[in-house]
Visitor: 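Handing you a structure now.
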Amino acid sequence: MSEYNFVEIEKKWQNSWEENKLFNVEKNDKPKYYVLEMFPYPSGDGLHMGHALNYTIGDVYARFKLMNGFNVLHPMGYDALGLPAENAAIKSNTHPEDYTNKSITRYISQQKSLGITYDWNRVVNTASPDYYKWDQWIFLKMFEKGLAYQKESAVNWCPLCNTVLANEQVHDGCCWRHEETKVEVKHLKQWFFKTTAYAEELYDDIDGLDWPEKTKAMQKNWIGKSYGTEINFEINNENWPIFTTRPDTIYGVTFMVISAHHKKLWDLVTAEQKNAVQDFLKQLNSVSEKDLETMDKLGVFTGSYAINPVTNEKIPVYAGNFVVADYGAGMVMAVPAHDQRDFEFAKKYNITIKQVIDGLITETRAFTQEGNLINSDKFTGVNSKEAISKITDYLISEGKGRRVVNFKLRDWGVSRQRYWGTPIPIVHCEKCGAVAVAEKDLPVALPREVKFGEGNPLLTNQDWVNTSCPKCGGKAKRETDTMDTFVNSSWYYLRYADSKNNEKIFDSEKANYWCPIDQYIGGAEHACMHLIYIRFYTKFLADLGLINFREPAKKLFHQGMLGGEGGIKMSKSKGNVIAPETVSEKYGIDTARLFLLSLASPDKARDWSDKGIQGSLKIIMRIFEYFEKNTFDQNFIDSKGIQSKINKTIKEVTIDIEEFKYNLAIIKLRQLFEYFENQQISKSTANNFLKLLAPICPHIAEELWHKIGNKDFISVATWPKCDESKIDEQLEKIEMVVSSLRLDILKIKELAKIEQIKKVKIFVAPDWKWTALSIVQDACKERPDFNIAIKALMANDEMKSHGGEIQTLLKTIISKYTDFFEIKKFDEYQMLLDAKTELEKEFGVVEIIKAETSAEAKAKSAFPTKPALLVE
RNA sequence: GCAGGGGUUCCCGAGCGGUCAAAGGGGCAGGACUUAAGAUCCUGUGACUUAGUGUCUUCAAGAGUUCAAAUCUCUUCCCCUGCACCA
């Protein structure tokens, strides 16, 4: 008997699948299905088990759909541009291109050993000019339509590196390379994509998506549609329209707060306040809103005053760290009496708190609920909810306000002052300004020769920077900002449809055939950013007429995170990263797949465990041995039990996999296997079992499939169909009854020291529903039994104390709930008759005795919820 | 801080109003097999109790709705994810 040599088996089938091009797809007559896992950033650390889990979840689904007769597109690619490659260049003097290529090579070899159904002909690599050429092409289209534009915006700046820092590179307000150097906030002219142009559609289309509800909720909150009023405040004779959802509190505005990152902040700062504001800004050493929000709410007076449009009061304007620069006007009207944040700010800086809604304001809490207006001139007495529209109407009639719909979503800042990104195809000409590079001149390729570590690397290659203007031919410089890497991942799924096209971004017909993605799989951490950008791009490309759909992914699934041994987060620094190759060598990748998927529902977090995987190996070895030991005959007739069990399993596993409940599918497969493990099964049942196993453990399924004489590949075999007529729930119940009776009999035999069983008598009350009722009725007449009866039926102690009046109630309850409690006892009686033969095989004579009346049933036992047994 | 999602028995995790002392796995304990170890198989694994059974205590904590709550509602505590230059 050969042993389970998983390394050899897995290699063999992986090669065989590749040689036979099993997973390379083209358009055909079958319905298409596009399964996509979010592509990885090829990090130098290589793939870890968490990636493997993600791809395996997708792979099981792709294999399942493939076997269900779909033409399945399941591609893989690399989101290869990004910060880590550049950090490696700075820290270890490796060129980002080399770092990336090395990482990709490693990723591919690791992924191939996972046995995944990727179509390796369609790989995309975003760092390749063949790919990012089309990122640049899209940029030009956006520029043409006015959706790509420049404006000033704040960045983290390290004066020592002389460069912009990513939020990630700022640690506690200091530079990642210079721990003593405080990061400064600087304003630079940067490129933006006008995502807000699609805000309404992005928001409205969420409802139509078959995505997790929580993700949809997060996107809605992120886009943040709100109806409000824009009110004109005058500051230094200039009009500032301020957005608010609470115009009802306009009479209570006692100060204004402008974002500390606002581009017009300095217009408001007076000479006397200059130093104070400068000092304040120095305290802000990150542009990350996360940092700002967790910091104390700080502010400083700018020296300017705004005029309240309804009261004409002069109110001070503060600069604050908790106001978002790009939302609304980047300034808020503060009503400390009725907003908690404003309240705390006012307390801190001793600003007047003016109450305008009747309600309780304490030392620590503002009154933020609904109420009647006070101190509000002609609106005094109006309910605050009504006042929202009344005051808005008034402001409109005075020409001091208007109704607006506001979105929290902001335009997407795509500029990065870094090397390893897609160059922005713009040339700055002294005369013509920002000019688009001609389409025919794309791609604007990254020059290899640059210096890292100080300033923007692209600026260090003057040959590349200096060019001529595409418009006037005069002297010009290239844009040295590159694009955010989210740009690359916003349309990659379309490129897979036609990944090698040199003429076009993709062939529309191909994209429309394969896309949108039917099932997208990736981490929940992308709920807001990536998953909004990809939707934005899809809508834009649809508007260009390139595709005929407006949403990228029909269905979305978030896999859970994989933690390290003992629940500790897997990380390089903790040294607990599990590499898939180590695992495949030790246990085989099928075992690893089975283990990872059996641990938890795919959307839940789970932890790696070296011990746990042994359990998975065990069951795989048992399956292997079972198929080694047995032969499978086409003409063998399965027992009714096996027929029922296999069909039920087919039915349930099909649903479980469809719904991503792989862990439950595995439990059912194990139970099926354990059921037939010591029996003979037919060839077709053996085939069906292996088919059910194939998506989860494809290699061993393929191996055993061939071993039992099949010639084609199980990976592309047809998924088994459930024959409902073979499912016999009654039979399964009987089996349970038989096995529990059997154990009971054996136990009695042992206890009673019976050498040889001569006869088994089983007593049952036939019409249990009726018997129970009559027992209760009897019991109700005589107090002593009353409690027993009621307790047994209702298990409700409260009932005891209410005495006789309860009888009527009981009857109702019993007739209503008897089904839950008692009716199955009658079923058991029927089953017993069926089970009789089964038991006789083992114990000789078995007699089933019906207790004819309730009195007789009572006599056998006070409350026999199980058949009474008498063994002689 | 804001937004979203969670806390289930020794551990990991199913369950998401009645058949729930709660699937499955792991661990642990006992038994079978073995010279022994390993592997494998069987049994047990909240407490007390019975031949079958029953009673009590459990699903983060507290309160509530219901004849009935792990499951529904509210409050509190803790954990995870995201917060726009990590991808």
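Throughout, a chain's letter reflects where its sequence line sits, starting with A, and its residues are numbered from 1. Remember, it's a predicted structure, so these values are computed and weren't measured experimentally. As a basis for the values below, the full set of heavy atoms in this structure was taken, side chains included, without hydrogen atoms, waters or symmetry mates.
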Visitor: Go through A87(B), C86(B), C85(B) for me and flag the one nearest to the E525(A) side chain.
Guide: A87(B)
Visitor: Looking at C83(B), G25(B), C85(B), which one has an atom nearest to any side-chain atom of W222(A)?
Guide: C83(B)
Visitor: Looking for any heavy atom pair under 4.0 Å, which part of the strands does K220(A) touch: base, sugar-phosphate only, or nothing?
Guide: nothing
Visitor: When all nucleic acid strands are considered with a 4.0 Å heavy-atom cut-off, which category describes T215(A): base, sugar-phosphate, or nothing?
Guide: nothing
Visitor: Would R622(A) and E625(A) pass as an ion pair if we require N to O under 4.0 Å?
Guide: no
Visitor: With nearest nucleotide decided by heavy atoms, which residue, K618(A) or K661(A), maps closer to the 5′ end of RNA chain B?
Guide: K661(A)
Visitor: Just name whichever nucleotide pairs with A39(B), Watson-Crick or G-U, keeping both distances under 3.5 Å, else none.
Guide: none
Visitor: Write down the partner of A60(B) under the Watson-Crick or G-U wobble criteria, each distance required to be under 3.5 Å.
Guide: U76(B)
Visitor: Regarding C86(B), can its base be found pairing with the side chain of Q169(A) as donor and acceptor, where the two atoms are less than 3.5 Å apart?
Guide: no
Visitor: Does G4(B) have its OP1 or OP2 closer than 4.0 Å to a side-chain nitrogen or oxygen of N221(A)?
Guide: yes
Visitor: Within the structure shown, what part of the strands sits under 4.0 Å from V164(A) by heavy-atom distance: base, sugar-phosphate, or nothing?
Guide: base
Visitor: For H526(A), answer base if it contacts any base atom (sugar-phosphate contacts may also be present), sugar-phosphate if it contacts only those atoms, and nothing otherwise; contact means non-hydrogen atoms under 4.0 Å.
Guide: base
Visitor: Strictly by Watson-Crick or wobble contacts shorter than 3.5 Å, is anything paired with C16(B), and which nucleotide is it?
Guide: none
Visitor: Can you tell me how far P in U19(B) sits from the matching atom in C72(B), rounded to whole Å?
Guide: 16 Å
Visitor: How close or far is atom P of G1(B) from atom CZ of F345(A), stated in whole angstroms?
Guide: 19 Å
Visitor: Select one nucleotide: of G26(B), C86(B), C85(B), the one nearest the side-chain heavy atoms of R418(A).
Guide: C85(B)
Visitor: When the P atoms of U53(B) and A22(B) are considered, how many whole Å apart are they?
Guide: 12 Å
Visitor: Of all the choices, C83(B), G4(B), C85(B), which nucleotide is nearest to the side chain of Q190(A) once you look at every atom?
Guide: C85(B)
Visitor: Counting any heavy atom closer than 4.0 Å, what does F486(A) reach on the DNA or RNA strands: base, sugar-phosphate only, or nothing?
Guide: base
Visitor: With respect to the side chain of L664(A), which nucleotide from A87(B), G25(B), G15(B) is positioned closest?
Guide: G15(B)
Visitor: Whom does A3(B) pair with, Watson-Crick or G-U wobble, provided both distances fall under 3.5 Å?
Guide: U81(B)
Visitor: Establish, with yes or no, whether the OP1 or OP2 oxygen of C85(B) is under 4.0 angstrom from a side-chain nitrogen or oxygen of R416(A).
Guide: yes
Visitor: With rounding to the closest Å, how many angstrom separate the P atoms on C59(B) and U71(B)?
Guide: 9 Å
Visitor: Can you check the distance between C41(B) and A51(B), where both ends of the measurement are the P atom (answer in whole Å)?
Guide: 32 Å
Visitor: Provide, to the nearest angstrom, the distance between the CD atom belonging to Q219(A) and the P atom belonging to G5(B).
Guide: 14 Å
Visitor: Between atom CH2 in W412(A) and atom P in C85(B), what is the gap in whole Å?
Guide: 10 Å
Visitor: Partner of U45(B) by Watson-Crick or G-U wobble geometry, both contacts under 3.5 Å, or none?
Guide: G27(B)
Visitor: Quantified in whole Å, what is the P atom distance between nucleotide C86(B) and nucleotide C78(B)?
Guide: 28 Å
Visitor: Report which part of the nucleic acid G413(A) touches: base, sugar-phosphate, or nothing (heavy-atom distance under 4.0 Å, all strands).
Guide: sugar-phosphate
Visitor: Rounded to whole angstrom units, what separation is found between the CD atom of E674(A) and the P atom of U40(B)?
Guide: 13 Å
Visitor: Below 4.0 angstrom, N of the basic side chain to O of the carboxylate: do E659(A) and K661(A) qualify?
Guide: yes
Visitor: Using a cut-off of 4.0 Å on non-hydrogen atoms, how would the nucleic acid contact of V155(A) be classed: base, sugar-phosphate, or nothing?
Guide: base
Visitor: Do E289(A) and K408(A) meet the salt-bridge criterion of a basic N to acidic O distance under 4.0 Å?
Guide: no
Visitor: Return the nearest nucleotide to the side chain of M218(A); candidates are G4(B), G82(B), A87(B).
Guide: G4(B)
Visitor: Are more than 12 heavy atoms from other residues, nucleotides or ligands located less than 6.0 Å from atom NZ of K189(A)?
Guide: no
Visitor: Under a 3.5 Å cut-off for both contacts, is U65(B) paired Watson-Crick or G-U wobble with anything, and if yes, with which nucleotide?
Guide: none
Visitor: Roughly how many Å is it from NZ in K186(A) to P in C85(B), rounded to a whole number?
Guide: 19 Å
Visitor: When the C1' atoms of G18(B) and C28(B) are compared, how many Å lie between them, rounded to an integer?
Guide: 34 Å
Visitor: Distance between the P atoms of C56(B) and A68(B), in whole angstroms?
Guide: 15 Å
Visitor: The side chain of E168(A) lies closest to which of these nucleotides: A87(B), U40(B), C86(B)?
Guide: C86(B)
Visitor: Over how many whole Å does the gap from D656(A) atom CG to A14(B) atom P extend?
Guide: 13 Å
Visitor: According to the Watson-Crick and G-U wobble definitions, with both distances under 3.5 Å, which nucleotide is paired to A51(B)?
Guide: none
Visitor: Check the distance between G13(B)'s P and L596(A)'s CG and give it to me in whole angstrom.
Guide: 13 Å
Visitor: Is any side-chain N of the basic residue among D484(A) and R416(A) closer than 4.0 Å to the acidic one's carboxylate O?
Guide: yes
Visitor: Whole angstrom is fine here: how far is it from CD in E152(A) over to P in C85(B)?
Guide: 17 Å
Visitor: Which of these nucleotides, C86(B), G4(B), A87(B), is closest to any side-chain atom of K214(A)?
Guide: G4(B)
Visitor: May I ask you to evaluate whether R622(A) reaches the phosphate of A39(B), defined as a side-chain N or O under 4.0 Å from OP1 or OP2?
Guide: no
Visitor: Say you pick atom C1' in A63(B) and the same atom in G25(B); how far apart are they, in whole Å?
Guide: 36 Å
Visitor: Flag the pair Y533(A) / F193(A) as yes when their ring centroid distance falls below 6.0 Å, and as no otherwise.
Guide: no
Visitor: Please name the pair of heavy atoms, one in N456(A) and one in T480(A), separated by the smallest distance, quoted to 0.1 Å.
Guide: ND2-O, 3.1 Å
Visitor: Is there a donor-acceptor pair closer than 3.5 Å between any side-chain N or O of N488(A) and the backbone N or O of D79(A)?
Guide: no
Visitor: Report yes if at least one side-chain N or O of S598(A) is closer than 4.0 Å to OP1 or OP2 of G13(B); otherwise report no.
Guide: no
Visitor: Is atom NZ of K91(A) surrounded by more than 12 heavy atoms (other residues, nucleotides or ligands) closer than 6.0 Å?
Guide: no
